[in-house]
2 protein chains.
Amino acid sequence: MISIPVLTLKRLPQYLELLYGFEHEGQDTISATRLAELTGVHMTQVRKDIALTGVVGIPKVGHKVRDLIESIESCLNWKDHSSAFLVGVGRLGSSLLGYSEFKRKGLNIVAGFDTDPSVAGSLVDGVIVHPMDKFANLCRRMKVHIGILTVPADQAQATAELMVESGILAIWNFTPTLLQLDEGIIVEDVDMSASLAVLSRRLSEKYEQDSQQDNKSKNKKNTIDQEKQ
Amino acid sequence: MISIPVLTLKRLPQYLELLYGFEHEGQDTISATRLAELTGVHMTQVRKDIALTGVVGIPKVGHKVRDLIESIESCLNWKDHSSAFLVGVGRLGSSLLGYSEFKRKGLNIVAGFDTDPSVAGSLVDGVIVHPMDKFANLCRRMKVHIGILTVPADQAQATAELMVESGILAIWNFTPTLLQLDEGIIVEDVDMSASLAVLSRRLSEKYEQDSQQDNKSKNKKNTIDQEKQ
DNA sequence: AGTATTTCGATATTTTTATAGCGATTAAGG
DNA sequence: CCTTAATCGCTATAAAAATATCGAAATACT
């Protein structure tokens, strides 16, 4: 199995999102050119990304929407469902438990876990929440390999270690903590801070740029005024 | 103001997270080498990233933790607070309203908005929730330029357009929808799907790799067995 | 004081990623 | 049936990012 570049993997769901829309509208073919226009990704890039998933298109026509969807989904392993445990049924955790979107994307959250005894035992959006001390046992017994980490930052490292000891192979990390784990363990960070960082900086850059343009036009106006005088 | 590469911007919060820890522990200097070890980023990369924020270090010693923190924070504009409006006070939206982390990162969510009249008017984690029709007015009056988008996917595009019309310059998009907006508008996607895509694929790759190794060792065993015979 | 060691930061080099160019292929219209 | 136009997908180039190299600076140890 070839290793698909991260950046390609991150673009694939974007295409998929559009493709679902097309399928819904009854459109059955789509060109890479059009996908490029809609995503802002360069058309040759789209072609390369698509090529990596293994489908071939028809010149002058493009790709069959259904084929592309199938190809991307199977490439991302979104066709058969993987079980996952979620640890930390706080605000964010419980919002994820109810996120139906995941089921469409091959992720099946089968249980939640929390140290807080008042949360444990309850059902959140139809998902059962166990006390934390049952994690290791259930994880091994049910052969769950994906862990979703939504605990407070200060518990992240310890919880992650427990997950790994219990047989978790991949951690979807929603905490800002940088996990230090065994090399083989797959850690994927949903990095809100990283995203916010880009947003903040770009906005600052924009403000400055705009104010410079203001200055320029002011100066221009002055010059014109002076010319009038 | 120089334009800092996206990938650098995404690494800066990671360094910052570690630096807060060091400061908490009373450590007052840190080397790029050490940061590299902890983040897994190459040491020269760390140096380049740090250089972009404008600080200079001391050979043989490294950088003053406090200076680095200040430099990164000001680089990301996390020192002075920006106001933001959040639209879509559902599960995810309300979990974000209570996320105290943001205040430390220069983001101040001053109000929530929702079309659901039963939510509007209430307080969620001390943040007032207004009915959606007040958005445009309040946005202009309070000069809010950041919008957080946590509405259902099918309302994302329309809501985003309304935001832009009301004076929003940057949208922090938590929906899977690919927004089609004016070029000048800054859109930053918190792409859970993208993240999940990487996780799923990497796990598939790992499974296959492992099973291949299993086959190899089986074959090896067979060979050995045969040799024994 | 002099030497060894660590780390910085500037300058290559390599690698990866994105873009461009171009012939091949296929549907549609004359 | 032939030409035109659109698109694919391959190869080549360009840009960006990551990594390596190396001299200079600063501390600590002899």
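Excluded from the calculations below are hydrogen atoms, water molecules and symmetry mates; all remaining heavy atoms, backbone and side chain alike, are included. Keep in mind the model is a prediction, meaning the values are calculated, not measured. Every chain is numbered from 1, with letters handed out A, B, ... down the list of sequences.
Close approach of DNA chain C to chain A, defined as any atom under 4.0 Å from a non-hydrogen atom of the protein, starts and stops at C/dT17 to C/dA27.
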Quiz item: Checking side chain to side chain donor-acceptor pair (under 3.5 Å) for the pair B/S193/B/D191: CA distance, chi angles, key distance, verdict?
Solution: CA-CA 5 Å; B/S193 300; B/D191 220 330; 4.5 Å; no
Exercise. Could you please spell out the steps behind the side chain to side chain contact (heavy atoms under 4.5 Å, CB included) verdict for B/M1 and A/R201?
Key: CA-CA 10 Å; B/M1 188 182 277; A/R201 175 72 189 190; 3.3 Å; yes
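To the nearest 0.5 angstrom, B/I109 atom CD1 is 11.5 Å from B/F85 atom CZ. Atoms OG1 and CZ, on B/T44 and B/R47 in that order, are 7.5 Å from each other to the nearest 0.5 Å. Taken from CD in A/Q209 to OG in A/S204, the straight-line distance is 12.0 Å, to the nearest 0.5 Å. How far CG of B/L181 is from CD1 of B/I186: 12.0 Å, rounded to the nearest 0.5 Å. With rounding to the nearest 0.5 Å, the separation of CG in B/L196 from CD1 in A/I146 is 7.5 Å.
Bending across the helix from C/dA1-D/dT30 to C/dG30-D/dC1, expressed as the angle between its end axes from five pairs apiece, amounts to 0° (10° rounding).
Heavy-atom minimum distance, A/R91 versus B/S94: CD-O, 4.1 Å. Closest approach of A/R202 and B/S3 over heavy atoms only: NH1-OG, 3.8 Å. Residues A/V87 and A/V151 come closest through the heavy atom pair O-CG1, 3.4 Å. Across all non-hydrogen atoms, the minimal contact from A/M192 to B/W172 is O-CZ2, 3.5 Å. Residue B/A156 comes nearest to B/L149 through the heavy atom pair O-CD2, 3.9 Å, listed as atom of the first residue, atom of the second, then distance.
The neighbour count for A/K206 NZ, taken as heavy atoms of other residues, nucleotides or ligands under 6.0 Å away, is above 12.
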Review item, nucleotides 6-11 of chain D N/O atoms under 3.5 Å of protein N/O:
from  : atom 1 : to    : atom 2 : distance (Å)
D/dA6 : O4'    : A/K60 : NZ     : 3.4
D/dT7 : O4'    : A/K60 : N      : 3.3
D/dC8 : OP1    : A/A32 : N      : 2.8
D/dC8 : OP2    : A/R47 : NE     : 3.0
D/dC8 : OP2    : A/R47 : NH2    : 2.9
D/dG9 : OP1    : A/G57 : N      : 2.6

Pick out the pairs of N or O atoms, protein on one side and nucleotides 1-3 of chain D on the other, that lie under 3.5 Å.
none

Restricting to nitrogen or oxygen on both sides, can you table the protein-nucleotides 14-16 of chain D pairs closer than 3.5 Å?
none

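Counting non-hydrogen atoms under 4.0 angstrom, A/R34 reaches nothing in the nucleic acid.
Rounded to an integer number of Å, the gap from CG of B/L9 to C1' of D/dA17 is 14 Å.
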Tell me which donor-acceptor pairs under 3.5 Å the side chains of residues 13-24 of chain A have, and how far apart each pair is, sequence neighbours excluded?
from  : atom 1 : to    : atom 2 : distance (Å)
A/Y15 : OH     : A/D49 : OD2    : 2.6
A/Y20 : OH     : A/E73 : OE2    : 2.6
A/E23 : OE2    : A/R66 : NE     : 2.4
A/E23 : OE2    : A/R66 : NH2    : 3.4

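B/I148 pairs in a side chain to side chain contact (heavy atoms under 4.5 Å, CB included) with only one of the listed residues (B/L96, B/L92, B/N173), which is B/L96.
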